[in-house]
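Beneath this line is the structure, given in structure tokens, with notes to follow.
Note that these values count all heavy atoms, side chains included, but never hydrogens, waters or copies made by symmetry. Chain naming here is simple, since letters A, B, ... match the order of the sequence lines and numbering starts at 1 in each.
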Amino acid sequence: FEARLTQASLIKKILEAIKDLVTDANFDCSPEGLSLQAMDSSHVSLVSMVLHAQGFEMFRCQRAVSLGINLASLTKILKCAGNDDSITLRADEKGDKAEFVFESQSQDRLSEFELKLMDIDSEHLGIPDTKYSAIVEMPSSEYRRICSDLGVMGDTVRISVSKESVKFQVDGDIGKGSVCLHPSSVVDKPTEVVKISLEEPVDMIFSIRYLNYFAKAAPLSDTVTLSLSKDFPLQIEFKFGEQMGYLRYYLAPKID
Amino acid sequence: ASSQGRLENFFSIK
């Protein structure tokens, strides 16, 4: 397996977005691309990442291989890559180590690292194709701000979506608060748009702590999509630009 | 009071 990405910053950002949620994970390499699926230790949330092969500058994978990686170790290695460096990842069939090569844009600096791999027994979950009742698209910076603002007031947030608005409500020890967003009527910048597609109104409760973990993915994408259906896990998606891939989180709802 | 659901209750294990 060998793959090369022009910008190391993409992998660095992906890692930042998942390392607080997941300790070890298998990076599954196949001719289609690089993917990862992992649950947090309490099995409340799930991370699903896909980088399509065509999003790489070079991608070669003769046979599917899983690279078991400790994310704290990978973070240490990726700290040695400049944001604008290209990154080449290599692994052989034995799958006991992975090689990382970082090259500066001017090609005058080349650094190489080898990471020991681990055997990870991971349960893969089958996520059914779902027609969600409500889909909300909003700026990822707005999502991050709401989670961080409401997180200081309480542990859970009630998300209510109607045709007119999406409302985030918190009820905590010191009091309560809410933020309500209305779909944008004037579209100045596409990245500042709030869009709501609704089959039926939804009203659900989620842990703010996890929503805050997911907000670490905000640097990956200008917009985030929240998909909700009653009594079903929330899906939060950050897309890495057209055709490149995505990072999705799933969070089980709080149930009365 | 509400209880936290787990993902296996919603998704099948492959």
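Interface summary for chain B: among A/A252, A/P128, A/S207, the most heavy-atom pairs under 4.5 angstrom belong to A/A252.
In this view, A/E16 and A/K19, A/T75 satisfy the side-chain contact (heavy atoms from CB on, under 4.5 Å) rule, not counting sequence neighbours.
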Which atom pairs, one a donor and one an acceptor, fall under 3.5 Å between side chains of residues 230-240 of chain A and the rest of the protein, sequence neighbours left out?
unit_1: A/Q235; atom_1: OE1; unit_2: A/Y250; atom_2: OH; d: 2.9
unit_1: A/E237; atom_1: OE1; unit_2: A/K239; atom_2: NZ; d: 3.4
unit_1: A/E237; atom_1: OE2; unit_2: A/R248; atom_2: NE; d: 2.7
unit_1: A/E237; atom_1: OE2; unit_2: A/R248; atom_2: NH2; d: 3.0

List, one per line, each side-chain donor-acceptor pair under 3.5 Å for residues 145-161 of chain A, sequence neighbours excluded.
unit_1: A/R158; atom_1: NH1; unit_2: A/D203; atom_2: OD1; d: 3.4
unit_1: A/R158; atom_1: NH1; unit_2: A/D203; atom_2: OD2; d: 2.7
unit_1: A/S160; atom_1: OG; unit_2: A/D203; atom_2: OD1; d: 2.8

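Close approach to chain B, defined as a heavy atom under 4.5 Å from one of its heavy atoms, is seen in A/M39, A/S42, A/H43, A/V44, A/S45, A/L46 of residues 34-47 of chain A, taken by number.
Summarising the geometry, atom CG belonging to A/L125 is positioned 6.0 Å from atom CD belonging to B/E8; distances are rounded to the nearest 0.5 Å. Annotation: the span from A/F206 atom CZ to B/Q4 atom CD amounts to 9.0 Å, rounded to 0.5 Å.
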